[in-house]
Structure formats: structure tokens, C-alpha cells
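All values below come from the heavy atoms of this structure, side chains included, with hydrogens, waters and symmetry mates left out.
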Amino acid sequence: MEKEGGTIVSGEDGITTICVPRRDSYLHSVGMWVGDNPFDFVVPVTLFQIIIFIIASRILYIVLRPLSTPKFVCYVLGGILVGPSILGNHLFEVVYPPIQSPILFLLGRLGAAYSVFFITLKMDIVPTIKAAKKYWKLGFMPFLSSFLVMYTLTHYTNLEYRGKLKQPSIPCWTSFPVVSDFLMELNLITMEIGQIALSTAIVSEMCQWVVLITYVLATNTLNFSFANLSFLVAFLMFLCFVVRPIMKVIIKKTPKGEPVKQGYVIMVLLGVIGMATISDIIGITFIMGPTLYGLFIPNGPPLATTIVERSEVVISELIMPFFYLTLGTTTKISSIIDEYWYQNLMVEFVVLCGVTTRVLVTMVLGMAHNLRLKHGFILGLMMSIEGILDLILFHGMMRAQIFEDYIFVILELHALLITAISAPLIKFLYKHHPRLSKEPSAHDARVRTIQSTSLTSEFSIISCVHKDTDVPSMIALLESFNTYQESPLCVHVIHLVELLGKSTPILLPLKKKNKKVKSSAIYLETNHIMRAFENYSQNSAGAVTVLSYVNIAPYKIMHESVCNLADHNRVPLILIPFYEYNQTINSHDGTFIRDLNTSFQLNARCTIGILVDRYSTLALNASLSCFHVAIFFLGGQDDREALALGIRMLDRITIKVTLVQFIVQEQHNFDSGNPSSSSSLGLDNNNNNNNNNNNNNNNNNNNKPVEEEEAKADKILDECLVDEFKGKKIVHNNANFHEILVEDSIGVLEAIRGMEMEIYDLAIVGKRHQSMSITDEEMMDFMDNADQLGVIGDMLASTEFYGGKISLLVMQCGGRKVLEKKTSTNRGLKL
């Protein structure tokens, strides 16, 4: 007698034998050498599926990468390529046997849950919600307009002809996590347009959830609606008052500067599965649990950063592909190519009308928020981007039979189409060069800058001091650099001591054992200085490491060992104090210090910051509850370094940063030649000069395209960094931006003189400026310190300007010799 799952045999001796097949026989094969077909077993089939998907998606990504196609599009297309639409029904049944479909579906759900968790884990939603108050119209009005248009067209065109479309309109969703992930992929999340997009997206998604919840409550019984709403509120309370406090305890128990323990990481990752299970049980869909779970966990170091570093690659590259495979198996393009093709086109027409309405309304409303028409169009495209969460939503609605599979296929292809078109369009229209690049190595000839230093890595600085009176101002400046755990501060403090006599110059690292041995007057002063910096390191609110050195050398060569130390440790910033002619140090004239500073500016392959603080006002103001910094920006690499440093300061709420950008309109442009110089010369001289001028003009014409390209690239870099500051301004209340239009460079100086500088505790300015028509050399005749501080820096540091009490930091990006050599090499000139 046979029964399902086994065979019952009754023997003559009365003994009954039950024969059942091996329970694990469908999991793995014994081997094809004994006649097993590998595609009849789950393990080899699953491994084969993941291999062909990864190969297909990677090939697509390589082919479509020149078009700036997002990875999301390549992954979904890869799933379609290995699905029934391309493989055909017969081959599809071989590669995807029915016995393996539950496992594939489970792995797909697991990958989707973890993927959404990581997206929301990396988001800081609180500042975005605060900033959304300003841009709520940009989120609400486009959503409402597109919803009404699609609602009207859905019923007007009678799109319920095949399936039972229970939704009031075809979904056209703006997902805040999807927009955030897309902006991070395009490196636009720190830009002004990116921050506006985030604020707009969160308002739009809130409106969409209100509509969806209202629809669910209206179309179901009162008991069912009340139960669902109660469970959702209870789940939110559990996350807020149980889960989040536990995460804060984990962070508090983690030692400063160290990653979270492995056990805590595993516990948090298991929590994703738990939250997905709870949310699926209470009826708010399995994906809602991981989404809210990621939002309630504090982002940034140490917890979120450790989890992402250790787990994201495995989840995104090995587990998430199963979700794309699940999508591929349910995507049957043949379902939309039949006798109903006209109605299918109408579905896509309705969706495109909704997207077009959203973009147009965003463009119009953007003008009311001082956005250019082009930026309004870009913002509308960003709001139309669709991603993983949208496909999860569509797939769930299809499985719930809210609409049939053909509508799911249309919406999926629409998501691919709109995302594949929007990404390159945004990249083309919004000229953006990310300021964070690969950090140069110790042997790289490139100039190291603050802009090229990652905001998530250690920020190294060399701080040079000559005497103990330099210490308070230098420490106050370092404290303003916002040292946080994700980007700790490493300060190489160097006491510069002049070498007298015939001894050998030395740069000596100071350790505790050295401090006890040395007892000379020089080392006593050095120890006094270093103790002050060590106290600062121990008492600082941020993560600060201090490394102590003493540099004993003649002033003429003192800069060499410091620059070598900066090259060896890839330090992007050297801070040095400023001294005037009338200042003295150790009975020597301040001229020696000035010459040393000039040597630093000429030879250093990193940014030089000269601190001017005559009366130690910087140290006094640093103790105030609010420290106000002003940045004057005209354009150019030096000004960009000043602004990059100011952006680093913004994350500390006690520091207020005001950016003043001057837009200079030049009225006259002068050629480099001087045609009047030959008026009093003879004929022969005229001919010779004309020939020389022609040769010079030819050389100038050859160099002109290169100079124009460099100027254009500089302008793009300036705009990108200013946009990044504006993006910070949207989410930070301690950032201000002012734009001043002036006629020429003299107008810049007059505008600064008319400002109330006494409200600022520190002014930061670049030494050289891209927009200045009057060169530094022409200003040298009536300015004392323009050779070191630049034109604007000299004016701000002048004793005639507010009595010389303005604390000033002047930035110069790279030494002149380094930059001149680099420019000449790029132009192909023979030196």
C-alpha cells in the first residue's frame, strides 16, 4: 500500500515496514556520476542561479556604466535576463524548479529586508524633517497634482478592464530612502539641491502614507482598521521606548574611538529579521519593520558605522541578488504583448502623465524658492526616481491581487525607464565634481588639500609654535575644527627653536621618557608647551591625538624638516603663527619668522594656514557659548580651502559659520600686451617689437584654450563647494550665507570695510583669489603684509582696521613653487 510521502509494507510475520524517502534528498545531489540531475536539487540550482545573475548584472553594469546608469537598473535588468522573459518557458522550468521556489522567495524577502535596513540606517532623518518645514510646498503640491491627474485619468480611461484594480490610481510613489540612496550614489547628497530633494521627498512620502492609510481605513471594516492602526502605533512605541534606548546603551558602553563589539553587531542584525517578522504578523507588511528599525537606530559611529562596514558588502552583493531573481521570475514581458496592447500603453501613458505633472509643478514652485528653472527640473527628476522600495511595493500589491501581473510588469519597466533616463540627465545638467577624491600617498606629487581629505577619516594637522604665547590661540583654533569620532583629529605639535652654533639640525619626537631626561632651558619650555596641548587633548569634547616634536634648526632651513614630516604623514594642513617686523622673539627681529613663513608658503605641498591673533582674542572668544566664524569667498583654490575648513566646523552646534560670497563684475578686460610702448621708438624697433608682440600673441593664443578650461574647471569647483555649504545650511541652524554683488576688486574691499566685523570671533580668507583684477604685486607698494596674507588678508589684519583686533586665518593651497611646477608640467612647457 502506497501513501503520499512513503510506502507501507506488511510482512507475513505480522511486522509492518514503513519505507519513506530521505527528507534531504531534494536539497543536495549525491553526484551526477550516479545518475543525479543537478537541476533536480535545491543547493546546486540556487548556486547556479546566483552565479548567472551576478555575471549578467556585472556585464550590464560594465556596458551601461558610460551612460551613468545606476546599479539598481543593472540589477533589475540582470534579473529579467535570467528570468522567463529571456530564457523561455522550457529553460526557465529547468533553471527554476518548483521545489526550489519557496527557498528563492524566502531568500529574496530576506535580502530586501536587509537592503532597506541598510538604506535607512545610513540616513539622519531628524535634521531633514526640521529642514522640511521650509520646503513643504515642494513636497506636497507636486504629489497632490500628480495624484489628482492620475486618479482622473485612471477612471477616465477605464483601466480596470482586466484586473480588479482596487487602488484609486496607479501608484506613482516618491520614496525618501530611495531618493537618499540615489543621491549618495551620484555624490549629490551634500549639495544644496540634494538637501532640498531629501526635504521634499520626506514631505511627499508622508503625504503618500496618509493617503494610503486613509484608503485602507475607508475600504475595510472598522474593527480591522482599528486593529491595524493600533498595532502600528504599538510597534512605533516599542521602537521608540525600547529599541532606541537599548542602542544608546550599546553606544555608551563602547569605548571612545573603538568599534562596537561583534556580539552587539550580531544582535542588531538579528533584530532585522525579528522586526520583519513582527511587522508581517501584525499586518503592516514585512518590509515596514526593517525600514522603521533602521530609522530608529542612531546613525553614524560607532554603532551604525561598524554595522555597515562589516555587513553591507555581503548583504548587497550576495543576499540581495535573490530579490532581483525573485523579481525576474515574476516578470513576464509576454503578458503585456497581446491583444490588449492598447490598454497597456494607456497604463504607461497615465503613469508618465503623473511624472510629467510632478516635474512641471516642481519647476514652477521651485522658482518661488529661488531655484533656477534648470534646478527645478533636476529636482523634479529626483522626485520621480524609483528604486528597490517601489518594486517591493508593486510586488506586494501584485501578490495581494490588488492588480494583476501585467500591471506589475508595466510599473517595473516604467521604474527602470524613468530611473535610467533621469540619472544621466541629472548628471549632465548638474555639473558636479566631487571635492573628495583619493587621498594622495606619501610619494604622490599632488598637493594635499583639506578638500581631498575625507570627512570620515582622520584629519591630520601640523601646528607650529615658537613660544608659549602662541599656544592659547592655536588650541582655540584647533578646538573649532569639530573633532568627532568619525573624523578624529591628529595634531603634530612642533616647537620651532632656532639653532645657534654649529650643532646638527634635528627634528626630535618627544616621548615621556625623553621629557624626563632633558633638563635644558629649551626642553623645559618645550615641555611646558606640550603639557598645554596634552591637557587640551584629554579635556577636548572630541577625539584628539597629540604628537609632540621639537625642531631645532636655523631659520633658513627650518621649514624643510616640517615639510618632510607633512609629506611622510600625508598632512593636508600646516598651521603657523604670524609675526610682523616690529614683533620680537628670543631677542631676534620678527623678520626671521616672516622669512620662515615665506619659505613654508613657497615649498609646502599642502595647505598653509597663517594665524594672525595679536591680542589672543581668539582664545578669549573660544570660551563663549557661540563662536562666530566669517568666511570671505571670491573663488579660487585658496578660497576653496578656507570654505572646506568652514564646512568642517558646521557640525558643532556651538560654532556659527557665515559665508560671504562676492560676485565681481569686471567692467574692463586688459590684454597682456602694451601697444603704446612703441610710440616713441624708431621704425626698426617698431618692427622688432611688432614681431615680438606677434610671437607673444601667438603663444598667448595657444595657451588661451588651456587657461579657459582651467578657469571653467575652477568655476565649477567653486560652485560645487558653495552648493555643499548651502546644503549644510538647510539642515544646520548655525550656517548663514550672504551673496554680495560688487563692480570690481576695490568694491570688495569697500564692502568688507562696511561690515560689522566685531560680531565675528574669527575670519577665514584665502590668500589668492580667482576674481581679483588687481594683482598682489600692484598692491605691495601700499600694503605691509600682502606678500604673506594677500590683499584682503592684509586689510583684515591691519592695525587701522578695528585696531588690529580681528583674529584671522589666511589659507594658501600648496606652495608657489609646487603649483608653478605642476602648472608648467600640465601645459607641456619646457623649463
Side-chain angles (χ1 to χ4, degrees), residues 576-581 594-595 597-598 600-602 604 607-614 629-646 658-670 672 711 714-715 718 721-722 738-757 760 762-817 819-820 823:
I576 53 179
F578 175 74
Y579 286 91
E580 297 177 287
Y581 290 109
R594 291 177 54 86
D595 293 340
N597 290 353
T598 302
F600 275 119
Q601 290 182 317
L602 286 172
T607 298
I608 297 294
I610 299 182
L611 178 60
V612 183
D613 190 30
R614 292 187 181 89
V629 179
I631 302 174
F632 300 104
F633 188 91
L634 285 93
Q637 55 189 0
D638 293 354
D639 283 3
R640 288 197 297 272
E641 284 296 277
L643 182 53
L645 187 61
T658 298
L659 174 62
V660 182
Q661 183 180 16
F662 295 98
I663 307 298
V664 182
Q665 293 182 342
E666 299 291 346
Q667 295 180 348
H668 303 283
N669 294 320
F670 298 97
S672 59
D714 256 2
K715 185 178 180 181
D718 292 342
L721 204 58
V722 172
H738 302 290
E739 191 176 89
I740 301 178
L741 186 65
V742 294
E743 294 182 355
D744 51 25
S745 53
I746 299 298
V748 174
L749 301 179
E750 292 177 351
I752 295 177
R753 286 187 178 275
M755 293 182 181
E756 297 180 359
M757 292 299 299
Y760 301 114
L762 175 67
I764 307 178
V765 65
K767 178 183 175 183
R768 300 158 297 191
H769 311 284
Q770 190 73 22
S771 303
M772 296 295 283
S773 62
I774 298 179
T775 61
D776 290 351
E777 287 76 8
E778 294 173 348
M779 305 292 288
M780 297 274 184
D781 297 335
F782 54 92
M783 284 192 167
D784 297 330
N785 303 302
D787 58 331
Q788 290 196 14
L789 304 181
V791 178
I792 297 179
D794 183 89
M795 185 194 73
L796 292 171
S798 173
T799 54
E800 299 177 358
F801 188 74
Y802 284 90
K805 296 181 179 180
I806 302 298
S807 298
L808 175 68
L809 181 64
V810 178
M811 310 292 287
Q812 177 184 306
C813 178
R816 297 176 191 167
K817 291 182 180 179
L819 293 176
E820 287 173 3
T823 304

Measuring only between side-chain heavy atoms, which start at C-beta, is F600 closer than 4.5 Å to T598? no

Do S807 and D613 have side chains that approach each other closer than 4.5 Å (heavy atoms only, starting at C-beta)? yes

Contacts of type side chain to side chain donor-acceptor pair (under 3.5 Å), residue N597, not counting sequence neighbours: none

Are R768 and D638 ion-paired here, with the side-chain N under 4.0 Å from a carboxylate O? yes

Between atom CZ of R594 and atom CD1 of I610, what is the distance when rounded to the nearest 0.5 Å? 9.0 Å

Among residues at least two apart in sequence or on other chains, which ones pass side-chain contact (heavy atoms from CB on, under 4.5 Å) with E739? Q661, I663, F737

Supply the atom-to-atom distance I631 CD1 to L645 CG, rounded to the nearest 0.5 angstrom. 7.5 Å

Measure up the Y760 and F632 rings against each other and bin them: parallel (under 30°), tilted (30 to 60°), perpendicular (over 60°). perpendicular

Has K767 got a side-chain atom pairing as donor or acceptor with I608's backbone, closer than 3.5 angstrom? no

Taking the side chain as every heavy atom from C-beta outward, state whether L634 and I792 have any pair of such atoms under 4.5 Å apart. yes

Where L796 and A763 come nearest, the two heavy atoms and their spacing: CD1-CB, 4.4 Å

Measuring from atom CG of L659 to atom CG of L721, what distance do you get when rounded to the nearest 0.5 angstrom? 9.0 Å

Can you check side-chain contact (heavy atoms from CB on, under 4.5 Å) on M795 and I752, steps first, answer last? CA-CA 9 Å; M795 185 194 73; I752 295 177; 3.3 Å; yes

Verdict with supporting geometry, L789 and F578, side-chain contact (heavy atoms from CB on, under 4.5 Å): CA-CA 9 Å; L789 304 181; F578 175 74; 4.0 Å; yes

What are the two closest non-hydrogen atoms of G766 and A642, and how far apart are they? N-CB, 4.3 Å

Inter-residue atom distance T658.OG1 - I764.CD1, 0.5 Å rounding: 11.0 Å

D639 and H769: side-chain donor and acceptor closer than 3.5 Å? yes

On a heavy-atom basis, the closest approach of G635 and D718 is CA-OD2, 3.3 Å

Across all chains, not counting sequence neighbours, the side-chain contact (heavy atoms from CB on, under 4.5 Å) partners of E800 are S798

CG on D794 to CZ on F801, rounded to 0.5 Å: 11.5 Å

Passes side-chain contact (heavy atoms from CB on, under 4.5 Å), V742 versus I740? Steps please. CA-CA 6 Å; V742 294; I740 301 178; 4.0 Å; yes

Donor on one side chain, acceptor on other, Q812 and T607, under 3.5 Å: no

Which atom of V765 lies closest to which atom of G793, heavy atoms considered: CG1-CA, 4.2 Å

Separation of E756 CD from Y802 OH (nearest 0.5 Å): 6.5 Å

